[in-house]
Amino acid sequence: MTIETVVFPVAGKGTRFRPATLGTPKELLPVIDTPLLQFSIDEALEAGAKHLIFVTSPDKPGISHYLEATGVAGKCEVTVLMQTEQLGLGHAVNCARDSVGNRRFGVILPDDLIVAPQGCLAQMAALEHDGHSFAAIQEVSREDTGRYGIMDVSEQVGNIHHALSIVEKPAPEEAPSCLGVVGRYILEPAVFDHLAENRRGSGGEIQLTDALEKMIGAKGLAGYAFSGRRFDCGTPEGMLEATLAYARQKPSLRAVLNEQTDMANAA
Ligand code: G1P
């Protein structure tokens with residue numbers, strides 16, 4: 001199975017990466033030579049995507065320029081939409097409603113770089129489902145629950161955990177579990193009805209997590225424990241880890257890393 005439509009919410013300001021993001025959208029910051037957005041596009045195409053929808057903001061013209069320069073529109077349909085108000089991830093996804101139409105769709109948050117032999121979205125697209133929506137999950141440390149959507153689950157079948165509840169960025173003492181949502185989703189279009197309610201949640205924003213909470217009762221929501229390594233490229237630390245991991249895969253860059261390690265050990 002494949003997923004034909006994928007939404008990329010790429011309107012965020014990237015304040016953690018200033019001043020770089022004053023000139024370059026955060027999704028175009030590179031891991032050595034490849035922008036985060038490119039990894040996401042490749043992952044969507046691997047999952048079978050035929051329609052890529054980018055929700056960006058008018059002050060990030062670099063996103064459209066990049067898409068034009070890569071010629072990705074020659075491989076599939078590309079839609080660029082503007083989120084003129086920054087009202088949260090749920091609002092960004094809801095901006096894509098008309099373009100998505102009444103079909104199951106994927107969401108990729110480029111900040112979460114996932115390196116795996118088979119892309120995370122392709123793994124999720126291949127899952128058997130009965131009208132369920134899926135969010136990728138991984139174990140996070142309790143002190144970090146306030147950075148994630150956190151899912152409480154019931155029974156587990158293979159890598160699939162059926163959700164009992166999901167809550168956006170709970171404090172460690174309130175988190176129902178340590179299963180954090182990372183930026184990959186496959187959603188039923190019914191999610192748009194919940195997003196359209198425009199309810200403000202954590203941080204005063206319209207949260208995708210809150211709409212997913214509403215999905216639990218009907219056809220259901222499940223967490224998918226993906227295979228692969230995830231880098232939180234929304235933080236400088238995660239970006240550095242991704243850069244080092246990428247460098248280790250390339251012989252010429254690995255030689256530089258080894259040299260640096262030797263120098264550090266000798267110092
Ligand atoms: C968003 C979601 C959150 C999820 C996270 C994954 O938060 O709202 O539920 O766990 O992405 O990276 P953000 O990182 O945009 O604050």
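Start at 1 and go down the list; that is how both ligands and their atoms are numbered. Bear in mind that the values here come from a model prediction, so they are computed numbers and not experimental data.
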Is a salt bridge present between [X] and [Y], judged by a nitrogen-to-oxygen distance below 4.0 Å?
| X | Y | result |
| --- | --- | --- |
| Glu173 | Arg142 | no |
| Arg230 | Asp112 | yes |
| Arg103 | Glu188 | no |
| Arg147 | Asp232 | yes |

Please verify whether a non-hydrogen atom of Asp112 lies at under 4.0 Å from ligand 1.
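Asp112: in contact with ligand 1 (<4.0 Å).
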Heavy atom of Thr209, distance to ligand 1 below 4.0 Å
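It does; at least one heavy atom falls under 4.0 Å.
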What is the closest protein heavy atom to [atom], and at what distance does it sit?
| atom | value |
| --- | --- |
| atom 5 (C) of ligand 1 | Val181 O, 4.0 Å |
| atom 2 (C) of ligand 1 | Glu168 OE2, 3.6 Å |
| atom 11 (O) of ligand 1 | Leu109 CD1, 3.4 Å |

Quick check: closest heavy atoms across Cys76 and Leu45, and the distance to 0.1 Å?
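Of all heavy-atom pairs spanning Cys76 and Leu45, the closest is SG-CD2, 4.0 Å.
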Establish whether Ile150 and Leu212 are linked, either directly or via other cluster members, by ILVMFWY side-chain heavy-atom contacts under 4.5 Å.
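No; tracing contacts between hydrophobic side chains, which count when under 4.5 Å, never links both residues.
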Evaluating non-hydrogen atoms only, which member of Lys169, Arg147, Arg230, Gln207 is closest to atom 16 (O) of ligand 1?
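Comparing heavy atoms across Lys169, Arg147, Arg230, Gln207, the nearest one to atom 16 (O) of ligand 1 lies in Lys169.
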Gly183 N/O under 3.5 Å from ligand 1 N/O:
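No, Gly183 has no N/O under 3.5 Å of an N/O on ligand 1.
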